[in-house]
Participant: 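The structure follows.
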There are 2 protein chains.
Amino acid sequence: MPEILTQSIQDYLKHIYKLNENGDAASTNDLATRLNIAPASVTGMLQKLANSKPALVLYKKHQGATLTKPGEKAALEVIRHHRLLETFLVTTLGYSWDEVHSEADKLEHVISEDFEARIAKALGNPSRDPHGELIPTADLVMPSDESRPLASLRTDEAATVKRVSDDDPALLRHLREIGVVPEVKLTIKNYSEFDGNLTIKVEGQKSNVVLGKEVTSKVFVDK
Amino acid sequence: MPEILTQSIQDYLKHIYKLNENGDAASTNDLATRLNIAPASVTGMLQKLANSKPALVLYKKHQGATLTKPGEKAALEVIRHHRLLETFLVTTLGYSWDEVHSEADKLEHVISEDFEARIAKALGNPSRDPHGELIPTADLVMPSDESRPLASLRTDEAATVKRVSDDDPALLRHLREIGVVPEVKLTIKNYSEFDGNLTIKVEGQKSNVVLGKEVTSKVFVDK
DNA sequence: ACAATAATTTAGGTTCACCTAAATTATATT
DNA sequence: AATATAATTTAGGTGAACCTAAATTATTGT
Ligand SMILES: [Mn+2]
Ligand SMILES: [Mn+2]
Ligand SMILES: [Mn+2]
Ligand SMILES: [Mn+2]
């Protein structure tokens, strides 16, 4: 049993968790892309994680990987660290929301449970991070998320921004600029059948904006 | 050239720096003890650090290791991180001074220069950490330290506590209890020729305390 | 159904930072 | 000066986490 979860293993579990959120098993290639590791190396690690005691992933060759219960707990632990850290960096150290992701990606593996508890308390046990992403609870349960991609809305529909993808600083700066941040309301003025572009009125903004799929697939809203 | 300084290398450099502070070169065995690594492994690493471009240490077999200028800068970088982090943990997150060392030992390798700059600013560019240890400046210069071991004082001498060794939580809790913390004044009431014990009156404390060498060699004072 | 393409796995490396055991040097004691 | 002791180095490992190139297995389009 990997009594100690290395930083590498923690990263694998975190990314498998995120891929699993989209319904299906995490494929070797998808993991390789996201982790920036050769597919062959990913296969090796998946085999190891599946054969460890306790098994952290469920893996059948050519079928991708799923987390076991212990694997999921470990993943949620890392994700909780990451999101609490991002919140802490913004709230306490004045980072902007596009600067926190990479810092949190390093710190998440290193902080103690004590540190985690202290920042959670200092922040008032927040339920969402600066990008609106849900923070797993202290007992490692992920709150349910009803939001859906902005890209799935059509003309005249209205919704509230809930969360945005956090890994692209340039996207985050753009979103901030056009006012697309959590809890802001917006209305779809037009949907273009041709390219999927959405023309959107954002609450508090003078002019409408047109957003392509690269953006609307990374913003999640509630109706 | 180790363009990237691994966590291991950073630890070696930090400990070589500290051993060098006591005047002479850092011996293989002393490093092995402090790093909890077999002497044979330390030899290997010292050879590697001496042969890297640029060389980080000066090393001649059987003579121990000294830092080169680049090695010293790298060491001071890590030490600055460590001490700023300790200060931050105490000031901002309410850690007590015996809890911060191990947390800082992990974080010191991972924070960005941006993080370093932000906490330094938030803390008002402190010159000492919670244990009174001097913090290297942002341009990596170590301020000079005039303090000497409490153990070197004799009967009737008076002094001010400047810093205490930070790596033993039990010692730190004891020192706090008897009021031996930075900037506190004390007077030597008796020196025992036999075992080196000192009987000490600590400013603000009702009764005298007797301290052995294990303690008095880890407390540093100014006259 | 079958070839072309894509995804995945196997095989055989590498690097890093360790280890133990044995051999070699240095230093200290008589 | 010789010997005992301590410090240091050499030699020959290991395990983790990667890599590339080649081989295998799945999937897709016609
Ligand atoms: Mn993030
Ligand atoms: Mn945790
Ligand atoms: Mn720094
Ligand atoms: Mn300290």
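In the text below, chain A, chain B and the rest are named by the order of the sequence lines, each starting its count at 1.
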Participant: Assign each of A:A40 and B:G44 to its nearest nucleotide of DNA chain D by heavy atoms, then name whichever residue's nucleotide is nearer the 5' end.
Facilitator: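 Closest to the 5' end, via its nearest nucleotide, is B:G44.
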
Participant: Per the side chain to side chain donor-acceptor pair (under 3.5 Å) rule, which among A:E86, A:Q10, A:E113, A:H109 passes with A:H81?
Facilitator: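 Checked A:E86, A:Q10, A:E113, A:H109 against A:H81; only one passes side chain to side chain donor-acceptor pair (under 3.5 Å): A:E113.
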
Participant: Identify whether the distance between the nearest side-chain nitrogen and carboxylate oxygen of A:K14 and A:E108 falls below 4.0 Å.
Facilitator: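 Looking at A:K14 and A:E108, the cut-off is met.
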
Participant: According to a strict under-4.0 Å criterion, is B:Y59 in side-chain N/O contact with OP1 or OP2 of D:dT8?
Facilitator: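 No, because none of the side-chain N or O atoms of B:Y59 sits under 4.0 Å from OP1 or OP2 of D:dT8.
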
Participant: Measure CG/A:N36 against C1'/D:dA17 and give the value in whole Å, please.
Facilitator: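 Taking atom C1' of D:dA17 as the reference, CG of A:N36 is at 15 Å.
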
Participant: Rounded off to whole Å, could you give me the NZ-to-C1' distance for the A:K61 and C:dA6 pair?
Facilitator: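 From A:K61 NZ to C:dA6 C1': 18 Å.
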
Participant: Heavy atoms from C-beta onward define the side chain here; which of C:dT20, D:dA7, C:dT8 lies closest to that of B:N29?
Facilitator: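 Of the candidates, D:dA7 comes closest.
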
Participant: Taking only N and O in the side chain of A:S8, is any of them less than 4.0 Å away from OP1 or OP2 of D:dA16?
Facilitator: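 No, outside the criterion.
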
Participant: Tell me: NE2 of A:H62 to C1' of D:dT25, nearest whole Å?
Facilitator: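 The answer, rounded to whole Å, is 5 Å.
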
Participant: Roughly, in whole Å, what's the span from NZ in A:K60 to C1' in C:dA7?
Facilitator: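 One finds 18 Å between C1' of C:dA7 and NZ of A:K60, rounded.
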
Participant: May I ask you to evaluate whether A:T6 reaches the phosphate of D:dA17, defined as a side-chain N or O under 4.0 Å from OP1 or OP2?
Facilitator: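 For D:dA17, OP1 or OP2 has a side-chain N or O of A:T6 closer than 4.0 Å.
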
Participant: Between B:T43 and D:dT10, is there a side-chain N or O to OP1/OP2 distance below 4.0 Å?
Facilitator: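 Checking B:T43 against D:dT10: no side-chain N or O falls below 4.0 Å of OP1 or OP2.
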
Participant: Is the charged tip of A:R118 near the ring of B:Y95: under 6.0 Å from the six-membered ring centre and within 45° of its axis?
Facilitator: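 Output yes; distance and angle both within limits.
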
Participant: Can you see if the side chain of A:Y12 gets near the phosphate of D:dA16 - specifically, an N or O under 4.0 Å from OP1 or OP2?
Facilitator: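 No, A:Y12 has no side-chain N/O under 4.0 Å of OP1/OP2 on D:dA16.
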
Participant: Consider salt bridge (charged side-chain N to carboxylate O under 4.0 Å, His left out). Of B:K162, B:R128, B:R163, which one does B:D145 pass it with?
Facilitator: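 Running salt bridge (charged side-chain N to carboxylate O under 4.0 Å, His left out) over B:K162, B:R128, B:R163 with B:D145 returns exactly one hit, B:R163.
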
Participant: What is the separation between atom CD on A:Q63 and atom C1' on D:dT25, rounded to the nearest whole Å?
Facilitator: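 It is 12 Å, rounded to the nearest whole Å.
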
Participant: Does OP1 or OP2 of D:dT10 have a side-chain N or O of B:Q47 closer than 4.0 Å?
Facilitator: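 Yes, within the criterion.
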
Participant: Return the value, rounded to whole Å, for the distance between atom NZ of B:K48 and atom C1' of C:dC18.
Facilitator: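 About 11 Å, once rounded to whole Å.
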
Participant: Does B:S41 have a side-chain nitrogen or oxygen under 4.0 Å from the phosphate oxygens OP1 or OP2 of C:dC19?
Facilitator: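 Answer is yes, contact under 4.0 Å.
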
Participant: Should we say atom NZ of A:K18 is surrounded by more than 12 heavy atoms from elsewhere, each under 6.0 Å from it?
Facilitator: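 Counting neighbours around NZ of A:K18, more than 12 heavy atoms of other residues, nucleotides or ligands fall under 6.0 Å, so yes.
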
Participant: In whole angstroms, how far is the P atom of C:dC19 from the CE atom of B:M45?
Facilitator: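 From B:M45 CE to C:dC19 P: 11 Å.
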
Participant: Rounded to whole Å, please give me the gap between CG in A:L46 and P in D:dC18.
Facilitator: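 Interatomic distance, CG of A:L46 to P of D:dC18: 12 Å.
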
